[in-house]
Every structure is written in structure tokens, then in C-alpha cells.
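Beneath this line is the structure, given in C-alpha cells, with notes to follow.
We're numbering straight along the sequence, starting at 1.
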Amino acid sequence: MGVKKGSLHKYGAVSEQVAYEMATGSAMVSRADVNVSITGIAGPDGGSVEKPVGLVYIGCCVKGKTTVRQYRFMGNREKIRESAVSAALTLMRQCILEYYSEVTFGN
């Protein structure tokens with residue numbers, strides 16, 4: 001949602017840029033205050049030297065500020081997916097706390 005075709009061609013679906021555009025694009029469409037995106041390679045196939053199985057990018061947009069983090073998870077497909085969801089929830093919590101810290105304390 002909101003990912004430019006040019007970004008997909010230039011960076012690939014599993015990339016920091018696409019995770020960023022997914023998070024910000026879904027925020028614009030949904031008008032939600034908080035949005036999370038996950039893109040990655042859970043396996044067992046599909047990995048490469050540059051983008052191995054377990055590579056995941058997670059984006060979080062809170063009130064217009066987007067953060068993207070790269071992760072490398074190990075295990076089978078199910079374990080990688082579970083790890084990605086857990087990391088997404090943790091990142092979302094961190095971004096929300098950071099936002100409210102900045103709003104409340106002006107940091």
C-alpha cells in the first residue's frame with residue numbers, strides 16, 4: 001500500500017525503502033495514528049547471498065514519523081514469522097513511547 005513501482009524495481013520488495021513506503025503509505029490511506037509494515041524472506045526458499053532467508057525489514061509510522069529497522073532471524077519459516085511479529089510489536093511500542101516522550105517532554 002503506497003509503495004512506488006520504481007522502489008520495487010530499484011530496491012526489491014525486501015528492502016528498507018519498501019518497508020518505509022509501506023508504513024507511511026498505509027498511514028496515509030488508513031488515517032491511523034500508528035502503522036506497522038513487515039517485509040522479508042521467511043523461507044525456506046527465496047533467499048540469496050545479498051538477501052538471505054531470515055532477512056526482515058520492519059517499518060513503524062507514528063503520527064507521520066517513520067522508523068525502519070533491519071533484522072536477521074534464524075529458524076524455520078514459522079519461527080522467522082513469529083520473530084518478525086514479535087519484533088514489530090516491540091518496535092511499535094518503542095516508537096509510540098518515543099513519540100509521547102517527545103510530545104510530553106519536548107525532547
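- Both I38 and I96 sit in one connected hydrophobic cluster of ILVMFWY residues. Membership requires side-chain heavy atoms under 4.5 Å apart, directly or through other members.
- Interatomic distance, S15 OG to E21 CD, rounded to the nearest 0.5 Å: 8.0 Å.
- Between the T39 side chain and the A13 main chain, a donor and an acceptor come within less than 3.5 Å of each other.
- In the hydrophobic cluster analysis, where Ile, Leu, Val, Met, Phe, Trp and Tyr join through side-chain heavy atoms closer than 4.5 angstrom, V34 is grouped together with V103.
- The distance from atom CZ of R69 to atom SG of C95, rounded to the nearest 0.5 Å, is 6.0 Å.
- Under the 4.5 Å side-chain criterion, counting only non-hydrogen atoms from C-beta, L8 is in contact with V3.
- Under the rule for a side-chain contact (heavy atoms from CB on, under 4.5 Å), the partners of A87 that lie at least two apart in sequence or sit in another chain are I58, Y71, F73.
- A continuous path of hydrophobic side-chain contacts links V62 to L89 [ILVMFWY only; heavy atoms under 4.5 Å].
- When all heavy atoms of A88 and V36 are compared, the pair lying nearest together is CB-CG1, 3.8 Å.
- Among pairs with a residue in residues 75-93, none fulfils side chain to side chain donor-acceptor pair (under 3.5 Å), at least two apart in sequence or across chains.
- Grouping the Ile, Leu, Val, Met, Phe, Trp and Tyr side chains by contacts below 4.5 angstrom, directly or via other members, places M28 apart from Y99.
- Side-chain contact between K51 and S48 is present, with at least one heavy-atom pair separated by less than 4.5 Å.
- Remark: M22 CE to T66 OG1 distance equals 12.0 Å, nearest 0.5 Å.
- Distance OG/S37 to OH/Y20: 11.0 Å, rounded to 0.5 Å.
- Between the CD atom in E102 and the OG1 atom in T104 there is a gap of 10.0 Å [rounded to 0.5 Å].
- Separating the CD atom in Q17 from the NZ atom in K10 is a distance of 8.5 Å, to the nearest 0.5 Å.
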